[in-house]
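No experiment lies behind these values; they were computed from the predicted model shown.
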Amino acid sequence: MKLAEDIIIRPYITEKSYENMAQGKYTFIVDPKATKTEIKHAVEKLFNVKVLSVNTVNYKGKEKRLGVHVGRTSKWKKAIVKIDTNPQPVTYLDKEGNPVTVAKKYKTEIEEFGGAQ
C-alpha cells in the first residue's frame, strides 16, 4: 500500500479550480498509477476531510522540440476531489433504545490548499 504523501503530489491551482473551491471541489496532481479509492483515502488522511467523490483525468505527454532535439513532456494525472462541506451528525440507538448523536470531526474546507475563499 502506498503512503498518502506519495499519492498526492501537489495541488493544481488555476482560475477554474479557484471557482470550484466554493463548491467544495479541490484539484490535485496525483501519482499516475493511483486509483480513485487510494486518492480518496489519501485526501481524507492528509487533510482530515470527508471525501464524497473523486474524478480523475489522465494526460499524455506532448511531443516538444528545441531545434533538432525532439523529446516528450511527462504524462500526469489530475484528480478532482469533492469534499463534504456540511457534515451531518450521526444519530443511532444504544442498547436501551435511547438516541445517541455523534458529531463527526471533519473539516469543511482545506486551508492548506493555497487559496483563500
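Side chains of K82 and Y26 form no contact here, defined as non-hydrogen atoms less than 4.5 Å apart. Taking 4.5 Å as the limit, every side-chain heavy atom of I9 sits out of range of all side-chain heavy atoms of V30. Looking only at side-chain heavy atoms (C-beta outward), K33 and K2 come within less than 4.5 Å of each other. You'll find the side chain of K64 stays beyond 4.5 Å of the side chain of R72, heavy atoms only. For the pair V43/I8, a side-chain contact is recorded, criterion being any heavy-atom separation below 4.5 Å from C-beta on. Contact of the I83 side chain with the L52 side chain is not registered, since no non-hydrogen atoms from C-beta on lie closer than 4.5 Å. The side-chain heavy atoms of K78 and I29, taken from C-beta on, include no pair separated by under 4.5 Å.
Note that the NZ atom of K36 and the CG atom of N55 stand 5.5 Å from one another [nearest 0.5 Å]. Here the NE2-OG1 distance, from H41 to T35, works out to 8.0 Å after rounding to the nearest 0.5 Å.
Around the CD atom of E15, the shell of radius 6.0 Å holds no more than 12 heavy atoms that belong to other residues, nucleotides or ligands. Within 6.0 Å of CG in L66 there are 12 or fewer heavy atoms belonging to other residues, nucleotides or ligands.
Annotation: ring pair (Phe, Tyr, Trp, His ring centres under 6.0 Å) contacts involving residues 62-81, sequence neighbours excluded, comprise Y12-W76, Y59-W76.
Ring centroid separation for the pair F47 and F28 comes in under the 6.0 Å cut-off.
In this structure, I39 and A34 approach most closely via the heavy-atom pair CG1-CB, 4.0 Å.
When the side chains of ILVMFWY residues are joined at heavy-atom separations under 4.5 Å, either directly or via intervening members, I80 and I7 end up in two distinct hydrophobic clusters.
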Margin query: Could you go through I110 and V49, starting from their C-alpha distance and side-chain angles, then the distance that decides it, and tell me whether this counts as side-chain contact (heavy atoms from CB on, under 4.5 Å)?
Written below: CA-CA 8 Å; I110 299 176; V49 294; 4.1 Å; yes
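A donor-acceptor pair under 3.5 Å links the side-chain atoms of E44 to the main chain of V51, judged by distance alone. Between the side chain of T73 and the main chain of K62, a donor-acceptor pair closer than 3.5 Å is present.
The pair K77-D31 does not meet the salt-bridge criterion, since no charged nitrogen lies less than 4.0 angstrom from a carboxylate oxygen.
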